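We name chains A, B, ... by the order of the sequence lines, and we start the count at 1 in each one. Side chains included, hydrogens not; waters and symmetry mates left out as well; all remaining heavy atoms used. Only a predicted model underlies this, so the values are computations on that prediction, with no experimental measurement involved.
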Amino acid sequence: MNKKTIYSLIAILIVFGIYGYEFFLNQEETLEIVETGKEVKNNTNEYFLPVSTTNQIIHHEGYSLSYSELHEQAEWVAYELKKEHLSNSHFERPYFEIDKAVKTGAAHWRNYKNSGYDRGHLCPAGDRRYSQKAHDETFLTSNISPQEHQFNSGIWNKLEQKVRYWASKYDGVFVITGGVLKGDMETIGDDEVYVPNQFYKVLIDNNSGKTKMIAFLMPHKKSDAPLYEFVVSVDAIEALTGIDFFPQLDDALETQLEASSSYKGWSF
DNA sequence: CTGTGTTAC
DNA sequence: GTAACACAG
């Protein structure tokens, strides 16, 4: 064996050693989240992860998600929007990238090209403007869902802005959002990305006194109706999606809060 | 804010 | 693939 061959072998060993170590770390991290359902991260106070029905939770710095390989998108994306996250910084929109953390392979953005649908953010770029990294991290294809432009830039955008308003007013909120991946759906692109017929958003305010929740269910179409007309109970979203939200809460409190479809306490 | 499409290298 | 620019709700 000459020197060049030996160096090559060493390089290969190092690369695979690092890869294997990171894989090991990721396994541990995933297990911990699945078991506890709640993780305390150094950049958030409370992390209310729902249960993953697809058994694939991905954890990014700015948000977490549960990926559905069948539908080629997240069944939910969850993140805390702190008051101090709100910022007026402007970053240029980067290109969407495939989320390499999705082991089964996330969709390519080409599926959306010329599909007639927007690449609709689930964790909005506007909610992660506190750093370039957090902002750019939202441009992963695991964080988007096909949305009609009139819906995305209209009523859905209005709801996202209301969430930022509440984050400011109530000293932060925790947000869980996604498309309802049930029933007959159209698909787009070679990867067959499903087009949800409804989108939901579930919020919890655990910071400004008495814990409160609110949930929205919106048909995937343009609307000029006021936001409060889309309020439903968390139970209704659970029944529709099969996702269990807030398993971390005390059972009695969870039952009480999730049954309510009242938006008392949330100012519009 | 939320996005798309076209053109050129 | 990336970058610059025009455009729309």
Side-chain angles (χ1 to χ4, degrees), chain A residues 62-63 65 72-74 76-100 102 105-170 172-173 175-180 186-191 193-203 216-230 267-268:
Chain A
Y63 61 95
L65 65 99
E72 289 295 359
Q73 66 198 277
W76 54 254
V77 168
Y79 61 97
E80 186 183 19
L81 180 56
K82 291 181 162 195
K83 189 174 183 175
E84 56 263 41
H85 285 156
L86 300 170
S87 150
N88 288 321
S89 324
H90 172 74
F91 302 109
E92 220 169 78
R93 293 187 136 234
Y95 287 88
F96 278 96
E97 285 181 19
I98 294 173
D99 186 348
K100 292 188 182 113
V102 175
H108 195 283
W109 58 263
R110 273 195 222 96
N111 291 289
Y112 290 73
K113 190 165 187 180
N114 295 320
S115 69
Y117 291 98
D118 280 8
R119 300 136 168 132
H121 277 87
L122 294 174
C123 175
D127 284 1
R128 303 284 86 153
R129 290 199 294 174
Y130 53 88
S131 79
Q132 172 117 44
K133 181 172 183 187
H135 172 264
D136 289 359
E137 202 183 40
T138 68
F139 286 77
L140 293 170
T141 57
S142 54
N143 184 42
I144 56 175
S145 197
Q147 291 183 332
E148 287 179 15
H149 187 66
Q150 295 263 57
F151 173 78
N152 189 20
S153 65
I155 190 79
W156 191 248
N157 186 21
K158 206 167 141 191
L159 178 55
E160 289 176 341
Q161 291 183 39
K162 189 65 74 180
V163 170
R164 287 191 270 275
Y165 164 72
W166 284 327
S168 166
K169 190 177 177 68
Y170 304 133
V173 287
V175 187
I176 302 143
T177 192
V180 177
E186 185 189 340
T187 65
I188 57 169
D190 293 338
D191 292 336
V193 180
Y194 283 62
V195 182
N197 296 310
Q198 295 160 293
F199 286 89
Y200 69 87
K201 212 176 268 289
V202 176
L203 307 178
F216 295 84
L217 181 66
M218 294 185 164
H220 185 187
K221 63 178 186 198
K222 169 189 187 303
S223 172
D224 294 320
L227 286 175
Y228 54 76
E229 284 190 11
F230 298 98
S267 68
F268 286 78

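- Residues from residues 132-149 of chain A placing a heavy atom under 4.0 Å of any atom in DNA chain B, listed by number, are A/His149.
- A side-chain hydrogen bond (donor to acceptor under 3.5 Å, both in side chains) with A/Ser145 is found for one member of A/Gln73, A/His121, A/Glu72 and no other, namely A/Gln73.
- Atom P of nucleotide B/dT2 and atom OH of A/Tyr117 are separated by 21 Å, given to the nearest angstrom.
- Taking every heavy atom of residues 87-96 of chain A and every atom of DNA chain B, pairs under 4.0 Å involve A/Arg93, by number.
- Atom CD of A/Gln150 is separated from atom P of B/dC1 by 20 Å (rounded to the nearest Å).
- Annotation: side chain of A/Tyr63 is in contact with side chain of A/Leu140 (closest heavy-atom distance under 4.5 Å).
- Within the 4.0 angstrom heavy-atom criterion, only backbone atoms of the sugar-phosphate kind lie near A/Gly126; the bases stay farther away.
- Residues A/Tyr165 and A/Gln161 form no side-chain contact, since every pair of their non-hydrogen atoms from C-beta on lies 4.5 Å or further apart.
- Side-chain N/O atoms of A/Asn157 include none lying less than 4.0 angstrom from OP1 or OP2 on C/dG9.
- Here A/Asp118 lies in heavy-atom contact (under 4.0 Å) with sugar-phosphate atoms only.
- Judged purely by atom type and a 3.5 angstrom limit, A/Glu160 has no side-chain atom pairing as donor or acceptor with the backbone of A/Pro124.
- Side chain of A/His85 to main chain of A/Asp127: no donor-acceptor pair is present (N/O by atom type, distance under 3.5 Å, no hydrogens or angles).
- Phosphate contact (OP1/OP2 of B/dT2, side-chain N/O of A/Arg119, threshold under 4.0 Å): absent.
- Side-chain atoms of A/Phe268 and A/Trp166, non-hydrogen and from C-beta on, do get closer than 4.5 Å to each other.
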